[in-house]
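Remarks on the structure that follows.
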Amino acid sequence: MSKNSLEKKIILAVLVLAVVLPAWLYPVLLAQLACMALFACSLNLLFGYAGLLSFGHAAFFGIAAYATGYATKEWGFTPELALLGALLLVLVVAYISGSLAIRRKGIYFSMITLALSQLVYFLIVAAPFSQNEDGYQGVPRGAFLGLIDLANNYVVYYFVLVVVALTWWGVYRVVNSPYGEVLKAIKDNEQRVVSLGYNVNRYKVLAFTLSAGVAAIAGGLKTIVFGLASLSDVHWHLSTDGVIMMILGGIGSIIAPVFGATILVLVHHMLSGEFDALVPVIMGGIFVACVLAFRGGVIQYIQTLVRALTGRSS
């Protein structure tokens with residue numbers, strides 16, 4: 001069984017599970033998991049396929065979270081219009097910041113993205129509408145297209161699932177397009193791509209902007225689900241969580257972020273409350289174990305297991 005066909009089967013299995021799981025699990029928890037998986041997918045698009053490691057994607061997640069909440073609560077936008085407006089805002093910000101950040105490579109690029117993210121964080125702290133540590137609360141879920149009320153948890157979950165699935169399909173199309181092939185080539189050997197006449201910086205800026213757009217959709221959806229945008233949505237810790245989810249799931253696989261996000265969200269959920277302080281310790285242990293035992297991430301282990309099972313059955 002080829003790697004691509006196996007990955008497609010895993011994607012189909014994950015999609016089927018996502019559709020039926022609300023019958024057994026709390027839909028809001030599943031919606032949160034979907035948002036975080038999409039956020040990890042945005043980082044995987046940038047690093048897994050373009051080789052650019054960003055520690056500042058929380059800025060785009062947070063900008064979209066606040067923009068979606070403000071547009072919905074103050075201007076009365078329907079959720080899809082608020083989400084679209086937040087996405088356009090983030091794309092503009094990402095293009096400008098990406099044009100600055102890609103002037104440097106490696107760790108210098110990562111540190112510039114972190115610095116720009118912190119700048120956004122302090123701007124939001126100072127913004128009069130952000131309500132600081134209290135967060136921007138009371139955001140109504142609204143009605144999709146003005147017709148489908150999202151107040152019901154099951155309805156909002158399937159709304160999130162559809163948006164996440166469509167966004168994921170868009171990412172899949174990008175990485176498997178001629179543009180995606182050039183991105184992979186840039187990651188493998190940038191100098192060779194330059195010698196072939198490609199404008200590498202243009203490709204990098206576009207990859208940065210697209211990945212920020214994916215993060216923005218995740219942030220906007222999170223606000224719609226919880227009715228809240230908080231400073232944790234724009235803090236650099238969220239960026240590191242995204243990197244951890246990406247590595248746990250497996251770098252360079254389109255479906256891998258789902259597994260990394262599942263681990264992170266479930267650990268946070270099960271240990272919330274009096275064991276909150278243990279979450280970083282446990283996540284650190286899981287991360288170390290995954291790096292030592294599954295260097296390709298959880299997805300590589302699943303692929304190996306599926307191959308072994310299908311080999312036995314045949």
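- A continuous path of ILVMFWY side-chain contacts below 4.5 Å connects I263 to L266, so both sit in one hydrophobic cluster.
- Nearest heavy-atom pair, A58 versus L238, reported as atom, atom and distance to 0.1 Å: CB-CB, 3.9 Å.
- Two different hydrophobic clusters hold I112 and F109 under the rule that ILVMFWY side chains link at heavy-atom gaps under 4.5 Å.
- The structure places CG of L119 at 11.5 Å from CG of L114, a figure rounded to the nearest 0.5 Å.
- When the side-chain hydrogen bond (donor to acceptor under 3.5 Å, both in side chains) test is applied to T240, no partner is found at least two apart in sequence or on another chain.
- Side chain of K73 to backbone of Q137: a donor-acceptor contact under 3.5 angstrom is found.
- Shortest non-hydrogen contact noted between A18 and L161 is CB-CD1, 3.7 Å.
- Partners of T78 according to the side-chain hydrogen bond (donor to acceptor under 3.5 Å, both in side chains) rule, which considers only residues two or more places apart in sequence or in another chain, are E80.
- At distances below 3.5 Å, at least one donor-acceptor pair connects side-chain atoms of S42 with backbone N or O atoms of F39.
- Two residues are said to be in side-chain contact when any heavy atoms from C-beta on lie closer than 4.5 Å; K105 and E190 meet this criterion.
- A donor-acceptor pair is defined here as one N or O able to donate and one able to accept, closer than 3.5 Å; such a pair exists between the side chain of T223 and the backbone of A65.
- Contact annotation: the side chain of Y158 approaches that of P22 to within less than 4.5 Å [non-hydrogen atoms, C-beta and beyond].
- Within a 6.0 Å radius of OH in Y108, no more than 12 heavy atoms belonging to other residues, nucleotides or ligands are found.
- In the hydrophobic cluster analysis, where Ile, Leu, Val, Met, Phe, Trp and Tyr join through side-chain heavy atoms closer than 4.5 angstrom, L221 is grouped apart from F77.
- In the hydrophobic cluster analysis, where Ile, Leu, Val, Met, Phe, Trp and Tyr join through side-chain heavy atoms closer than 4.5 angstrom, I254 is grouped together with M245.
- Taking CG from L52 and OG from S110, the interatomic distance works out to 8.5 Å, rounded to the nearest 0.5 Å.
- Rounding to the nearest 0.5 Å places CG of L33 at 11.5 Å from CG of L38.
- Pairs engaging residues 210-236 under the ring pair (Phe, Tyr, Trp, His ring centres under 6.0 Å) rule: Y121-H235, H235-H237 [sequence neighbours left out].
- Looking at C41 and V171, their side chains come closer than 4.5 Å, going by heavy atoms from C-beta outward.
- Not one N or O on the side chain of T72 forms a donor-acceptor pair closer than 3.5 Å with the backbone of P140.
- Residues passing the side chain to side chain contact (heavy atoms under 4.5 Å, CB included) test with N152 are Y154, V155, sequence neighbours excluded.
- A search for ring pair (Phe, Tyr, Trp, His ring centres under 6.0 Å) contacts involving W24 returns nothing, not counting sequence neighbours.
- Residues satisfying the side chain to side chain contact (heavy atoms under 4.5 Å, CB included) criterion with A143, sequence neighbours excluded, are absent altogether.
- Residues satisfying the salt bridge (Lys or Arg N to Asp or Glu O under 4.0 Å) test with E74, not counting sequence neighbours, are none.
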Compile the donor-acceptor pairs under 3.5 Å between side chains in residues 84-100 and protein atoms, sequence neighbours left out, one pair per line.
from	atom 1	to	atom 2	distance (Å)
S97	OG	V93	O	2.9
S97	OG	A94	O	3.3
S99	OG	Y95	O	2.7

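- In this structure, L123 CG and S130 OG are separated by 10.5 Å, a value rounded to the nearest 0.5 Å.
- Here OG of S230 is found 10.0 Å from CD1 of I124. Values are rounded to the nearest 0.5 Å.
- Residue T167 comes nearest to V163 through the heavy atom pair OG1-O, 2.8 Å, listed as atom of the first residue, atom of the second, then distance.
- Between L45 and V174, the shortest heavy-atom contact is CD1-CG1, 4.5 Å.
- Looking at L264 and L248, their side chains never come closer than 4.5 Å, going by heavy atoms from C-beta outward.
- Two residues are said to be in side-chain contact when any heavy atoms from C-beta on lie closer than 4.5 Å; L228 and V139 fail this criterion.
- Between I251 and K187, the shortest heavy-atom contact is CG2-NZ, 4.4 Å.
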Only pairs under 3.5 Å count here: list side-chain donor-acceptor contacts from residues 208-220, not counting sequence neighbours, and write none if there are none.
from	atom 1	to	atom 2	distance (Å)
T209	OG1	V205	O	2.8
S211	OG	H57	NE2	3.0
S211	OG	A207	O	3.2
S211	OG	F208	O	2.9

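- Counting only heavy atoms from C-beta outward, the side chains of I10 and I299 approach each other to under 4.5 Å.
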Apply side-chain contact (heavy atoms from CB on, under 4.5 Å) to L183 and V175, showing your working. CA-CA 8 Å; L183 279 185; V175 300; over 6 Å; no
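- Considering only residues two or more places apart in sequence or on other chains, D233 meets the salt bridge (Lys or Arg N to Asp or Glu O under 4.0 Å) condition with K222.
- Side-chain atoms of Y70 never come within 3.5 Å of backbone atoms of A82 as a donor-acceptor pair (strictly under, hydrogens ignored).
- Closest heavy-atom contact between T113 and A101: CG2-CB, 4.1 Å.
- Both I63 and Y66 are assigned to one and the same hydrophobic cluster, defined by single-linkage of ILVMFWY side chains at heavy-atom distances under 4.5 Å.
- Looking only at side-chain heavy atoms (C-beta outward), P79 and R141 stay at 4.5 Å or farther from each other.
- Applying the ring pair (Phe, Tyr, Trp, His ring centres under 6.0 Å) test to residues at least two apart or on different chains, the pairs with a partner in residues 166-198 are Y179-Y203, Y198-Y203.
- With rounding to the nearest 0.5 angstrom, the OH atom of Y26 is 15.5 Å from the CG atom of L21.
- Partners of F47 under the ring pair (Phe, Tyr, Trp, His ring centres under 6.0 Å) rule, at least two apart in sequence or in another chain, do not exist in this structure.
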